Amino acid sequence: MRQPAREPADEPGQARSARVAVAEPRPVEPEAAPNLVRPPRTILPVTPDISALLPYGGLATVTAITASRRGATSLLWRLLAGPTRAGAWCALVGMPGRYPLAATAAGTDLGRVAFIDAAGPLIADAAGALAEGVAAMVVPSDGLTPPQARRLTARARKGGTAIVWWETRLVAGPDARLDVARVHWQGLRPNTGRRWGAGRLDACELEVSARWRSGGGHRTRLRPYGADGESR
Amino acid sequence: MPSKPVGTLGASPGGLVSGTVVSGTVVRVPSRTLVARLPDWDREDAAGFAPVLDALDLLTPYVEVLEPGLAAVPLRRGAGEEAAFCEALIDTVSGLVGQDCVTGVADGLFAAVLAADEGRIVPSGGDAAYLAGRDITDLRATGLVDPEICETLRHLGIDTLGAFAALPGAAVAERFGPAARRAQRLAAGQLARPLVPRPADPDLTVAETPETPFATIEQAVTAARPLAERLTALLDARNLTCTRLTVTARTAAGLTRRRTWQVDPTATAADLARRVRWQLEGWLLAARTAAGPEDEQGTGAVTALELAPGGLIGLVAAGKGLWEFKDAATARAEGALRHAQTLLGPEAVRIAAATDGRDLSERAGTAAWEAEAPPPAPSGPWPGALPDPPPALVGTDDPVDVLDATGAPVLALARGDLSATPAVVRTGGRRLRVVAWAGPWPVTERWWGAATRRYTRLQVELADGSAALLVCEGGRWKAAGWYD
């Protein structure tokens with residue numbers, strides 16, 4: 001019983017960049033995940049530019065984002081744009097210092113994002129509690145020991161919660177691992193000996209590669225802060 | 001037949017009057033009042049009266065108990081045959097407790113109580129005329145006057161309520177006091193008070209008595225949440241909601257603290273729990289202030305926590321939909337977030353939203369989810385605010401050095417440019433070449449007041465692919481945020 005996807009940002013005063021189309025998840029085909037785990041119970045809709053990066057065309061079970069890559073936070077917010085716009089609660093556990101308005105700029109609905117202040121051993125406790133019900137949660141992988149991480153994954157699979165590992169330490173066997181191969185900041189002007197000038201940082205383009213547990217993968221360029229939100 | 005004094009009748013000085021606003025809901029004076037009296041009821045037997053009230057509940061959710069054996073319910077004008085309703089009520093009650101029941105109906109409570117003595121239905125608007133003919137001893141039924149006053153009045157030749165009502169009000173107040181003056185207005189059928197909804201049934205009170213007393217407020221607050229949920233579940237099951245909430249806490253020192261709050265009838269369990277939290281925090285603060293700073297925990301431990309609903313009204317009357325819909329996924333997610341709250345404390349689960357401001361940190365407000373009011377929405381565009389996209393990582397304010405090609409520091413000048421071209425940014429022991437940049441943008445905040453602030457923003461992209469928002473304030477550079 002998911003809420004219908006909200007109309008993409010036609011409220012007045014909404015930032016232009018927050019316009020987000022939400023792609024419907026592709027129907028799950030058995031061929032999509034040969035011989036491995038059974039298909040996930042819930043697949044959260046994501047934006048069309050992200051959709052091709054994920055094995056089921058939507059956010060499901062275990063996804064990992066390599067945290068050390070520049071542009072990873074932009075990718076994360078873009079990934080959560082679809083689910084939150086569709087009314088699904090997402091939680092960030094123990095990830096301080098994220099500027100929430102960057103999430104808005106990437107299309108995420110902050111009304112459905114819970115920032116959980118937790119550190120050290122509390123990260124595992126909080127994640128365990130959240131795995132009972134939130135639609136998706138983002139957890140830094142070095143906050144849990146590998147056995148804890150395995151237990152949490154099992155729990156999330158059972159409960160239908162999508163885990164996004166913020167991969168500060170490599171985790172074993174995510175269904176999809178997303179890497180920002182390169183980020184291009186746009187709008188700044190090359191350094192040519194001037195002391196002032198026009199321009200501002202107004203967009204970025206991420207080159208993202210996805211590797212799937214099933215062996216497949218995908219590469220795409222996406223502009224998380226673009227008005228169109230389309231991959232190019 | 002002389003009436004016995006009735007406890008609180010008319011004795012609500014400064015109480016509810018017509019159209020009193022109770023937390024946003026207008027409580028209207030019911031236009032008709034029905035009083036049911038069980039003449040043979042043993043007045044000591046308060047507990048046994050509960051089944052009768054339950055029976056009345058079947059007919060109306062809004063019952064005021066005047067005393068055991070005497071209850072009043074409001075009737076809506078034109079809601080149907082009053083006589084038929086009285087018949088149904090009498091049948092229900094006598095079927096339940098096997099006792100006679102007489103009813104009276106009038107516009108006002110006082111007239112209805114008197115009418116119940118003789119099983120009458122006073123026609124609408126006929127209260128004054130009906131009361132005028134009653135004996136002066138009936139004045140005692142207001143509970144406001146002594147038998148001596150009634151005697152005195154009779155000696156003065158005032159035999160009926162009508163004659164009493166006709167006396168000059170000021171003279172009555174001067175001779176017999178303000179209570180008698182209120183009784184006079186009741187006798188004239190003027191002073192109407194709305195029925196006070198029935199006091200909480202002991203069944204509806206929920207309490208938590210922990211094995212080990214709650215030593216901290218957090219523990220008590222954590223227990224308050226399920227308690228509030230139990231209360232709302234209990235009320236929901238009876239199609240009731242409350243307009244008042246009485247929080248009672250007993251402390252290890254033997255102190256009982258009690259406070260009644262007005263609550264919105266549409267309040268959720270979360271709202272009620274928040275009330276309890278505020279109350280507990282308030283008490284804690286008061287206790288600390290009274291006991292001095294050295295008594296950190298001492299007598300504050302809470303041994304029992306109790307929530308009693310008050311001012312019960314029907315769900316429909318409260319405008320609370322019977323079909324309040326929250327889809328299963330959202331309900332599950334909120335449950336999980338609450339669970340996290342119980343583990344980490346209510347402050348740990350936060351939501352964020354854009355709010356008013358120009359500075360990065362001012363523009364994003366956060367609030368504890370369900371425990372605090374969310375940040376106010378931005379009231380309009382803020383000139384000088386940084387356009388999107390904002391930096392993704394903030395809060396560290398790493399000090400940086402911005403150097404020119406020769407290694408000399410670059411300064412932001414007052415006229416809005418830089419002293420030299422930035423070539424290198426030194427941060428955390430690393431020297432990174434500036435690949436591209438934009439700015440500088442001088443910002444002056446609150447130039448009109450003492451809190452004035454001047455700073456300059458600069459966006460840079462560095463050789464390692466990172467991009468930062470640098471701020472120069474007072475000649476010092478820091479990384480206000482990193483793009484990521």
Side-chain angles (χ1 to χ4, degrees), chain A residues 1-3 13 15 17 42 70-74 77 87-89 91 93 96-106 110-111 113-118 122 125-126 129-135 161 182-183 185 187-191 193-204 224-225, chain B residues 327-337 339-340 342-344 347-354 360 363-364 366 369 374 378 386-396 416-423 433-441 459-461 464-467 469 481 483-484:
Chain A
M1 292 272 285
R2 216 181 286 132
Q3 282 181 349
S17 56
T42 39
R70 260 175 240 303
T73 307
S74 298
W77 289 132
W89 268 104
V93 187
R98 259 72 198 175
Y99 188 58
L101 299 193
T104 314
L110 281 180
V113 179
F115 295 84
I116 316 289
D117 288 345
L122 289 178
D125 294 342
L130 292 167
E132 293 164 6
V134 293
T161 293
R182 220 187 126 75
V183 55
W185 303 106
L188 302 177
R189 302 210 313 176
N191 202 354
R194 69 207 153 80
R195 291 197 201 164
W196 55 275
R200 65 175 178 87
L201 195 152
D202 57 8
C204 78
Y225 305 111
Chain B
D327 65 295
T330 305
R332 244 162 38 94
E334 291 183 355
L337 291 174
H339 187 184
T342 61
L343 293 176
L344 307 171
E347 303 297 312
V349 176
R350 307 194 72 80
I351 50 161
L360 278 180
R363 277 175 65 199
T366 74
W369 177 70
L386 193 73
D388 277 347
L393 305 172
V394 296
T396 51
D417 63 352
L418 300 174
S419 64
T421 303
R433 199 164 46 80
V434 176
V435 178
W437 59 279
W441 298 284
Q459 285 174 326
V460 294
E461 183 186 346
D464 66 346
S466 58
L469 176 73
Y483 293 91
D484 185 51

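Everything numeric here is computed off the predicted structure, so don't read it as measured data. Chain identifiers are assigned alphabetically (A, B, ...) following the order of the sequence lines, protein sequences preceding nucleic acid strands; residue numbering begins at 1 within each chain.
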K.L.:
Please classify the contact between B:Ser419 and chain A as side chain, backbone, both or neither, with a heavy-atom cut-off of under 4.5 Å.
P.N.:
backbone
K.L.:
By a 4.5 Å heavy-atom criterion (distance strictly below it), what part of B:Ala353 contacts chain A: side chain, backbone, both, or neither?
P.N.:
backbone
K.L.:
Taking side chain as everything from C-beta outward and backbone as N, CA, C, O, which of these in B:Leu344 sits under 4.5 Å from a heavy atom of chain A? Side chain, backbone, both or neither.
P.N.:
side chain
K.L.:
Got a donor-acceptor contact below 3.5 angstrom from the A:Tyr99 side chain to the B:Leu360 backbone?
P.N.:
yes
K.L.:
List the steps and the verdict of side chain to side chain contact (heavy atoms under 4.5 Å, CB included) for A:Val113 and B:Ile351.
P.N.:
CA-CA 6 Å; A:Val113 179; B:Ile351 50 161; over 6 Å; no
K.L.:
Keeping A:Trp185 on the side-chain end and B:Ser466 on the backbone end, is there a donor-acceptor pair under 3.5 Å?
P.N.:
no
K.L.:
Is it the side chain or the backbone of A:Val183 that comes within 4.5 Å of chain B heavy atoms, both, or neither?
P.N.:
side chain
K.L.:
Do A:Phe115 and B:Thr366 have side chains that approach each other closer than 4.5 Å (heavy atoms only, starting at C-beta)?
P.N.:
no
K.L.:
Is a side-chain N or O of A:Arg70 found less than 3.5 angstrom from the main chain of B:Ala467, in a donor-acceptor match?
P.N.:
no
K.L.:
Return the OH to OH distance between A:Tyr225 and B:Tyr483, rounded to the nearest 0.5 Å.
P.N.:
9.5 Å
K.L.:
Got a second to check how far B:Glu461's CD is from A:Leu188's CG, nearest 0.5 Å?
P.N.:
6.0 Å
K.L.:
After noting the C-alpha distance and the side-chain angles of B:Arg350 and A:Asp117, does the key distance pass the side chain to side chain contact (heavy atoms under 4.5 Å, CB included) rule?
P.N.:
CA-CA 8 Å; B:Arg350 307 194 72 80; A:Asp117 288 345; 3.5 Å; yes
K.L.:
Heavy-atom distances under 4.5 Å only: say whether B:Val349 touches chain A with side chain, backbone, both or neither.
P.N.:
both
K.L.:
Pick whichever of B:Gly481, B:Ala420, B:Ala340, B:Pro390 has the most heavy-atom pairs under 4.5 Å with chain A.
P.N.:
B:Pro390
